[in-house]
Engineer: 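Just dropping this structure here.
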Amino acid sequence: MRSVSCLVLFLVSAFSAAAQTPSATVVGRVTDPTGAVIPGVTIHLTNVDTNISQAGSSNEIGDFTIPYLNPGRYTLEAKVEGFRSYKRSEFTLAVDQILRIDIPLDVGATTESVTVTDTPPVLNTESGARGEVATEKEITEIPLDGRNFTDLAYLTGGVIPKGDGGDGSLAVNGGRADNFGFYLDGINNTQRRNTGAVIHPPLEGVQEFKLITSGFNAEYGRYAGGMMSVVTKSGANSLHGSLYEFLRNDLFDAVSYFDVGKSKLRRNQFGATVTGRVWIPKLYDGRDRTFFLVTWESLRVTDGKTQRGIVPRPEMLNGDFSAARDALGRPLTLNDPLAAALFPNNQIPVSRLDPVSLKMAAYFPKPNLAGTVSNFISQGNATTSNNNFGVKADHRLTSRDRLTMSVFWRPNSVWDPVASSRSPLPIFGARNNTLDLLSYVSYLRPIGTSWFVDLKASFSRKTNNQRWPYGADRDWAAEIGFPGGTTNPVARGLPQFEATGYIMLGPAYDLPKVWSFNNYQYSGAATKIHAAHTFKFGGDFLRMQYFSRNYGDTRGRLVFNGRFTRETMADMLLGWPSSSRRQLDAAGPYHLISNYSA
């Protein structure tokens, strides 16, 4: 299926020059002691960490706008003949911030200067967009379970988690959670399969992020429910780094109320981040020009899982239901569906037992709990292992041209031996190997002091490969004599048997879940500053690809609800299901959905 939607954008707005690009803008007006405006004043903004300056000048009405500034620490200097130089000491610019600094100049020689040290007001008076910025200090110092920085989004008013079972991540101001978008360094970071982020970079590699809740520009037209714009760190002339490990251990835990013994917990989250300038001894020194970020974080988790349930007593598997009870504990009599009578003494003749069901029932473990409603507890150790990497390079090609290249990727492996709402037996557990990837190239060039060109290209990919890991080992269905199951080595295995009230047997019916999602994005924008207005226009082309194949019920699924004998396990051993399902393999290697928007 292919769908094409086109959105032609022509954006004309005041002071919104760097909306989708995760940058900051400084605006203001230059005046003399009488309050008259001063045109032609040169303003330099210098990044304290990289020593890279960006210049602007006041126009005929004294206004100036300097956009596309990387978030960080800056100083400002303004000069014009006949007036003292104006200097403002260090101040900080945040992502998507439009900071107003009005500059009063005093008459005097340019060799004289006036230095202002007060902090500029951070109140947004230039844009109608609303949102909250989470700073680097907040990201690194506020305790976060799992070190997921997006949890800080809940500190913003109007933001709540998505509804149970719904798609998306965050619901903003009553909007749908699947209408929420993610951006990373100005690049689309959203996969629309379930509207989540393609990748979450390591926390130590994040400089800050802004959660925009309303009033955003038309450039964000794909999402009506809010956006999270994340800015990763960039290098500086000096070398900076961090090395860390966070751990949890069951040594410090108590026994859970429902567990027989203490569940195992080993959680180690460790990594390192280094930023600086590129320096190759005797070959290249990138001071004031070439900078890098390398960030890495790994997670190793062993997490004990338990689940209680009911398994048949051993004598039941031989047809002896003399001790069978209903849900209220009353003796239960078994109907014989062939004789329209009761089974004498609730004994099913062994000759009547279905051989396929008997072989399947052999996977039931023996009861291991006494004195409770549930007579069995399943225990297993779930594991998670991933390595999250990020590499970013910023290079100043010339005094005007700026190039940024970056790639973030995270391979992840998860083993779940005790699945919820499926068979809790570890032999029927599921493994999932995934990959998250985002890469981009960004180019920025000022043309004079009033034109700016911003070009971007990116590719991102998210994959899922969740399956029963033992399916390809042998023909499991043939071993129990079950006909009709798939022979595809990717999906083959035992059918799922569900006798209502008892634990399930067999791999989960909806496995494997194999899919991949690709984003191809190409965007370009030109910004023109004229008088008191900023004009921005351009295009953004995004191609989304979703590859998927549905393997649900290809091994077969049978449900036994007691409609024939009044006891679900008796129905199963007789081979009398109340319902069954079997899906044929999908025709073709995959389903493909491509969407285009511009």
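Basis for what follows: all heavy atoms, side chains included, without hydrogens, waters or symmetry-related copies.
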Engineer: Counting C-beta onward and ignoring hydrogens, is there a side-chain heavy-atom pair between Thr333 and Asn346 closer than 4.5 Å?
Structural biologist: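 When only atoms from C-beta onward are counted, Asn346 and Thr333 do touch, with a gap below 4.5 Å.
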Engineer: Side-chain contact, heavy-atom cut-off 4.5 Å: Thr295 with Pro201?
Structural biologist: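 They are not in contact (no side-chain heavy atoms under 4.5 Å apart), so the answer is no.
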Engineer: Between the side chains of Asp185 and Thr232, is a donor N or O closer than 3.5 angstrom to an acceptor N or O?
Structural biologist: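 Looking only at side-chain atoms, Thr232 and Asp185 do form a donor-acceptor pair, the distance falling under 3.5 Å.
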Engineer: Enter the distance from Ser516:OG to Leu437:CG here, rounded to the nearest 0.5 Å.
Structural biologist: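 Result: 12.0 Å between the selected atoms.
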Engineer: Parallel, tilted or perpendicular: which describes the rings of Phe149 and His200, with under 30° parallel and over 60° perpendicular?
Structural biologist: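 Rings of Phe149 and His200: perpendicular, as their planes differ by over 60°.
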Engineer: For a side chain to side chain donor-acceptor pair (under 3.5 Å) check, start with the C-alpha distance between Asn464 and Asn432, then their side-chain angles and the critical distance, and finish with the verdict.
Structural biologist: CA-CA 7 Å; Asn464 192 83; Asn432 193 9; 3.0 Å; yes
Engineer: With a 4.5 Å cut-off on side-chain heavy atoms, are Glu245 and Asn268 touching?
Structural biologist: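 Asn268 reaches Glu245 side chain to side chain.
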Engineer: State the CZ-CG distance between Arg410 and Leu299, to the nearest 0.5 angstrom.
Structural biologist: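 Answer for the CZ-CG pair, Arg410 versus Leu299, is 8.5 Å.
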Engineer: Using side-chain heavy atoms (C-beta onward) and a distance below 4.5 Å, is Phe376 in contact with Leu425?
Structural biologist: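 When only atoms from C-beta onward are counted, Leu425 and Phe376 do touch, with a gap below 4.5 Å.
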Engineer: Say you draw a straight line from CZ of Phe246 to CD of Gln269; how long is it, rounded to the nearest 0.5 Å?
Structural biologist: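 Reported value, rounded in 0.5 Å steps: 8.0 Å.
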Engineer: Answer yes or no: does atom CZ of Arg176 have more than 12 heavy-atom neighbours from other residues, nucleotides or ligands under 6.0 Å?
Structural biologist: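 Atom CZ in Arg176 is not crowded, with 12 or fewer foreign heavy atoms closer than 6.0 Å.
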Engineer: Determine, for Phe482 and Arg555, whether the Lys NZ or Arg CZ falls below 6.0 Å from the six-membered ring centre while staying within 45 degrees of the axis.
Structural biologist: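 Cation-pi check for Arg555 and Phe482: fails.
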Engineer: Hey, are Ser298 and Asn387 close enough side-chain-wise for a donor-acceptor pair under 3.5 Å?
Structural biologist: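 Distance-only check passes for Asn387 and Ser298.
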Engineer: Using only atom types and a distance under 3.5 Å, with no angle test, would you say the side chain of Asn318 pairs donor to acceptor with the backbone of Asp320?
Structural biologist: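 Flag not set: sc Asn318 to bb Asp320 has no pair under 3.5 Å.
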Engineer: Between Arg467 and Asn465, does the side chain to side chain donor-acceptor pair (under 3.5 Å) criterion hold? Intermediate values first, please.
Structural biologist: CA-CA 6 Å; Arg467 64 181 68 195; Asn465 189 16; 2.6 Å; yes
Engineer: How about Phe497 and Ser357: do any of their side-chain heavy atoms sit closer than 4.5 Å?
Structural biologist: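 They are in contact (side-chain heavy atoms under 4.5 Å apart), so the answer is yes.
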Engineer: Please report the closest heavy-atom contact between Gly562 and Thr568, naming both atoms and the distance.
Structural biologist: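 Taking every non-hydrogen atom into account, N-CG2, 3.6 Å.
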Engineer: Establish, from distance only, whether the side-chain atoms of Asn188 and Tyr183 form a donor-acceptor pair under 3.5 Å.
Structural biologist: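 Note: Asn188 and Tyr183 side chains miss the donor-acceptor criterion.
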Engineer: For Asn386 and Asn412, test the side chains for any donor-to-acceptor distance below 3.5 angstrom and give the result as yes or no.
Structural biologist: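 There is such a pair between these side chains.
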Engineer: Counting distance only, does the side-chain N/O of Asp250 pair as donor-acceptor with the main-chain N or O of Leu265 below 3.5 Å?
Structural biologist: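 The answer is yes, because a donor-acceptor pair under 3.5 Å joins these two groups.
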Engineer: Calculate, to the nearest 0.5 Å, the distance between atoms NZ and CG belonging to Lys264 and Asn249 respectively.
Structural biologist: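 Atom-to-atom, Lys264:NZ and Asn249:CG are 9.5 Å apart.
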Engineer: What closest approach, in Å, do Pro489 and Ala472 show between heavy atoms, and which atom pair accounts for it?
Structural biologist: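 Answer, listing the atom of Pro489 first, then Ala472: O-CB, 3.8 Å.
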Engineer: Under 30°, 30 to 60°, or over 60°: which ring-plane class applies to Trp296 and Phe270, parallel, tilted or perpendicular?
Structural biologist: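 Rings of Trp296 and Phe270: perpendicular, over 60°.
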Engineer: Under 4.0 Å between a side-chain nitrogen and a carboxylate oxygen: does that hold for Asp510 and Arg422?
Structural biologist: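 Judged by the 4.0 Å cut-off on N to carboxylate O distance, Asp510 and Arg422 do form a salt bridge.
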Engineer: Let me confirm one number: the OG1-CG distance from Thr565 to Leu574, rounded to the nearest 0.5 Å.
Structural biologist: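 Answer rounded to 0.5 Å: 6.5 Å.
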Engineer: Going by distance alone, is a donor N or O of one side chain under 3.5 Å from an acceptor N or O of the other, for Gln191 and Asn519?
Structural biologist: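 Side chains of Gln191 and Asn519: no pair found under 3.5 Å.
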Engineer: Which is it for Arg352 and Asp336 under the salt bridge (charged side-chain N to carboxylate O under 4.0 Å, His left out) test, yes or no, and what are the steps along the way?
Structural biologist: CA-CA 10 Å; Arg352 294 277 302 275; Asp336 184 345; 2.8 Å; yes
Engineer: Answer yes or no: is there a donor N or O on one side and an acceptor on the other, between the side chain of Asn335 and the main chain of Pro337, under 3.5 Å?
Structural biologist: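 Pair absent, no side-chain N/O of Asn335 close to backbone of Pro337.
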Engineer: Is Asp416 paired with Lys305 through a side-chain N to carboxylate O contact shorter than 4.0 Å?
Structural biologist: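 Result for this pair is yes, salt bridge flagged.
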Engineer: Starting at CG of Leu573, measure out to CD of Glu567 and round the result to the nearest 0.5 Å.
Structural biologist: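 Answer rounded to 0.5 Å: 8.5 Å.
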Engineer: May I ask you to decide if Val559's main-chain N or O and Ser578's side chain share a donor-acceptor pair within less than 3.5 Å?
Structural biologist: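 Looks like yes, one N/O pair under 3.5 Å.
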Engineer: Donor-acceptor check, side chain of Thr554 to backbone of Thr486, threshold 3.5 angstrom: yes or no?
Structural biologist: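 Side chain of Thr554 to backbone of Thr486: no pair is present.
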Engineer: Taking all non-hydrogen atoms of both residues into account, name the closest pair between Leu317 and Leu353 and its distance.
Structural biologist: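 Between these two residues, the closest heavy atoms are O-CD1, 3.9 Å.
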Engineer: Take a 6.0 Å sphere around CG of Asn148 and say whether it holds more than 12 heavy atoms from other residues, nucleotides or ligands.
Structural biologist: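 Count over threshold, so yes.
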Engineer: Which pair of heavy atoms, one from Gly157 and one from Thr213, lies closest together, and at what distance?
Structural biologist: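 It is O-CG2, 4.3 Å.
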Engineer: Do you know which of Pro312, Pro365, Ser378, Ser374 makes side-chain contact (heavy atoms from CB on, under 4.5 Å) with Ile503?
Structural biologist: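 By the side-chain contact (heavy atoms from CB on, under 4.5 Å) criterion, Ile503 pairs with just one of Pro312, Pro365, Ser378, Ser374: Pro365.
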Engineer: Students often mix this up, so state it plainly: with edges at 30° and 60°, are the rings of Trp576 and Phe564 parallel, tilted or perpendicular?
Structural biologist: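 Answer is perpendicular, since the angle exceeds 60°.
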Engineer: May I ask you to decide if Ala197's main-chain N or O and Thr190's side chain share a donor-acceptor pair within less than 3.5 Å?
Structural biologist: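 Between the backbone of Ala197 and the side chain of Thr190 there is no qualifying donor-acceptor contact (under 3.5 Å).
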Engineer: What are the two closest non-hydrogen atoms of Ser413 and Arg431, and how far apart are they?
Structural biologist: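 What the structure gives for the nearest pair is OG-NH1, 3.4 Å.
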Engineer: Using the side chain to side chain donor-acceptor pair (under 3.5 Å) rule, take Glu297 and Tyr244 through it: C-alpha gap first, then chi angles, then the decisive distance, then the call.
Structural biologist: CA-CA 9 Å; Glu297 182 173 87; Tyr244 60 90; 2.7 Å; yes
Engineer: Can you check ring pair (Phe, Tyr, Trp, His ring centres under 6.0 Å) on Tyr502 and Phe560, steps first, answer last?
Structural biologist: CA-CA 10 Å; Tyr502 296 88; Phe560 306 87; over 10 Å; no
Engineer: One pair to check against side chain to side chain donor-acceptor pair (under 3.5 Å): Gln583 and Asp553. What are the steps and the verdict?
Structural biologist: CA-CA 5 Å; Gln583 176 178 288; Asp553 288 319; over 6 Å; no
Engineer: Inspect the surroundings of CZ in Arg248 and state if more than 12 heavy atoms from other residues, nucleotides or ligands are less than 6.0 Å away.
Structural biologist: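 No - once you tally the heavy atoms of other residues, nucleotides and ligands closer than 6.0 Å, there are 12 at most.
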Engineer: Just say parallel, tilted or perpendicular for the rings of Phe180 and Phe182, cut-offs at 30° and 60°.
Structural biologist: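 Aromatic pair Phe180/Phe182 classed perpendicular.
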Engineer: Using 4.0 Å as the upper bound for N to carboxylate O, is an ion pair formed by Arg557 and Glu498?
Structural biologist: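 No, this pair does not count.
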Engineer: Count the heavy atoms of every other residue, nucleotide or ligand shown that sit under 6.0 Å from CZ of Arg300, and state whether that count exceeds 12.
Structural biologist: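 Enclosed.
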Engineer: Are Arg193 and Phe517 in a cation-pi contact, defined as NZ or CZ under 6.0 Å from the six-membered ring centre and within 45° of the axis?
Structural biologist: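 Pair Arg193/Phe517 does not count as cation-pi.
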Engineer: Would you say the side-chain atoms of Ser523 pair up with the backbone N or O of Asp540, donor to acceptor, closer than 3.5 Å?
Structural biologist: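 Checking the backbone N and O of Asp540 against the side chain of Ser523, no donor-acceptor pair under 3.5 Å is found.
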Engineer: Does Gly168 offer a backbone N or O that forms a donor-acceptor pair with the side chain of Thr195 under 3.5 Å?
Structural biologist: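 Not a single qualifying donor-acceptor pair exists.
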Engineer: What class does the angle between the rings of Tyr470 and Trp415 fall in, given that below 30° is parallel, 30 to 60° is tilted and above 60° is perpendicular?
Structural biologist: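 Geometry flag for Trp415 against Tyr470: perpendicular rings.
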Engineer: Using atom types as modelled and distance alone, determine if a side-chain donor or acceptor of Arg474 lies under 3.5 Å from a backbone N or O of Glu479.
Structural biologist: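 No; judged by distance alone, with no hydrogens or angles, the pair does not exist.
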Engineer: Is there a side chain to side chain contact (heavy atoms under 4.5 Å, CB included) between Tyr546 and Trp515? Walk through the geometry before answering.
Structural biologist: CA-CA 7 Å; Tyr546 175 45; Trp515 55 264; 3.6 Å; yes
Engineer: Flag the pair Val206 / Val231 as yes when at least one side-chain heavy-atom distance between them is below 4.5 Å, and no otherwise.
Structural biologist: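 Of all side-chain heavy-atom pairs linking Val231 with Val206, none is under 4.5 Å.
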Engineer: Does the Asp436 side chain pair with the main chain of Arg461, one donor and one acceptor, at a distance under 3.5 Å?
Structural biologist: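 Not at all, since once roles are kept as given, no pair shorter than 3.5 Å links the two residues.
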Engineer: Looking at every non-hydrogen atom in both residues, tell me the closest pair between Thr487 and Arg492 and how far apart they are.
Structural biologist: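 That closest heavy-atom pairing would be O-CD, 4.2 Å.
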